[in-house]
There are 2 protein chains.
Amino acid sequence: MSDIVEPQDPCVERLAKLTGDRCKAKNAARRLKALTEKIDEAELAAEADVFRAMADPFRLAILQLLRDGELCVCEIMTALERPQSSTSHHLSILKRAGLVKERREGKWSRYRLSEGAVIEMMNLAGLMTDGREG
Amino acid sequence: MSDIVEPQDPCVERLAKLTGDRCKAKNAARRLKALTEKIDEAELAAEADVFRAMADPFRLAILQLLRDGELCVCEIMTALERPQSSTSHHLSILKRAGLVKERREGKWSRYRLSEGAVIEMMNLAGLMTDGREG
DNA sequence: CACTCGTATCAAGCTAATTCGATATATAAG
DNA sequence: CTTATATATCGAATTAGCTTGATACGAGTG
């Protein structure tokens, strides 16, 4: 019962074996632990939800269409030649992720892009893929 | 056999019924068709691959760790307390999507973020979720 | 060569996502 | 009230993705 409270932290043990140097290992472990503690799991989960919503070519096509303005479900399904149920379903996913907004007008549901980072993210993704197949 | 070649384009028919105005319908259909033709399916698929690679909290945590520099598999699995096979598997997904780069050094595989838009995309996703959960 | 260690890949079980027809809800019109 | 139309939701089948132990590969070491 004295100086340090972590006599055999498994993380340190692990890294000590890696480097062979127990002192280095402790520093590395401290650095990794600091990095890990900065990670907010709930926030990462929320961000993953956003990315998952954009991880489908059909939904990206919808977002592309909406760049030029508001459209209703029937216009989107017509333009992209997809069944109504599928179109509506994917729009609900985009809406839940906060990527699009809905405006009810009579029996029509008109969808538009959310203000904010949506367009920028699509542009960035475009940049990332340009290097590979352009 | 004369003026127009699209006597019963199903898209126009669809929109004509919607608006009740055949002329408007034709314009709307033309606009939608122009938008649709601008869409490059292969590029959307590639972008979807990038987003799919980022659509997992564990992989986002890996990317977060790598913001501060290169790490090997064993450091990542130790920091995030995940099995080795899982860590390696997710790193391969990130690598395939072009989000990280690998550097072999002896028996170690050291991973780092790809230069480019990766960090910006994570920042943007963070912005998008900020508004929802404080 | 035998052994160790770091990493990659495989395999099997499980969960989540996609698809689309069928059905339900809601709004408007006759 | 019935009908039509636009959209949402359900259900069931298929597919894709995650997880993890087991195994294979590759590079060092004795």
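Just so it is clear, the model here is predicted, and its values are computed rather than measured. Per chain, numbering begins at 1; letters A, B, ... match sequence-line order.
Atom C1' of nucleotide dA8(C) and atom CZ of Arg103(B) are separated by 19 Å, given to the nearest angstrom. Per the geometry, CH2 belonging to Trp108(B) stands 10 Å off C1' belonging to dA27(D), to the nearest Å. Separating the CD atom of Glu102(B) from the P atom of dG6(C) is a distance of 16 Å, rounded to the nearest angstrom. The interatomic distance linking His89(B) (NE2) with dT7(C) (P) rounds to 17 Å, in whole Å. For the pair Met77(B) CE and dT20(D) P, the computed distance is 12 Å after rounding to whole Å. Taking atom CG of residue Asp49(A) and atom P of nucleotide dG17(D), one finds them 17 Å apart after rounding to whole Å. Rounded to whole Å, atom C1' of dA26(C) lies 16 Å from atom CZ of Arg110(A). Remark: C1' of dT15(C) and CG of Asp56(B) are 13 Å apart, rounded to the nearest angstrom.
Of the two residues near DNA chain C, Arg104(A) and Leu91(B), the one whose nearest nucleotide lies more 5' is Leu91(B). Both Arg82(B) and Lys107(A) lie near DNA chain D, and the one whose nearest nucleotide falls closer to the 5' end is Lys107(A). Residue order along DNA chain C, read from the 5' end via each residue's closest nucleotide, puts Ala55(A) first among Gly106(A) and Ala55(A).
The phosphate of dA8(D) has OP1 or OP2 within less than 4.0 Å of a side-chain N or O from Tyr111(A). For Ser85(B) and dA8(C), the shortest distance from a side-chain N or O to OP1 or OP2 is not below 4.0 Å. In this structure, Arg59(B) reaches the dC18(D) phosphate: one of its side-chain N or O atoms is under 4.0 Å from OP1 or OP2.
Residue contacts for Ile93(B): at a heavy-atom cut-off of 4.0 Å it reaches the sugar-phosphate backbone alone, with no base atom in range. Across all strands, Ser86(B) comes closer than 4.0 Å to base atoms (heavy-atom distances).
Between Val50(A) and Met54(B) the shortest side-chain heavy-atom distance does not fall below 4.5 Å. Residues Leu44(B) and Glu41(B) are not in side-chain contact: their nearest non-hydrogen atoms beyond the backbone lie 4.5 Å or more apart.
One finds the CZ atom of Arg59(A) at 12.0 Å from the OG1 atom of Thr87(A) (value rounded to the nearest 0.5 Å).
Contact of Gln84(A) with dA8(D) (side chain to base): a donor-acceptor pair of N or O atoms is detected under 3.5 Å.
For the side chain to side chain contact (heavy atoms under 4.5 Å, CB included) test with Val100(A), the passing option among Ile93(A), Ile62(A), Val118(A), Leu66(A) is Leu66(A); the others fail.
Proximity of a side-chain donor or acceptor of Ser92(A) to a complementary backbone N or O of His89(A) within less than 3.5 Å is detected.
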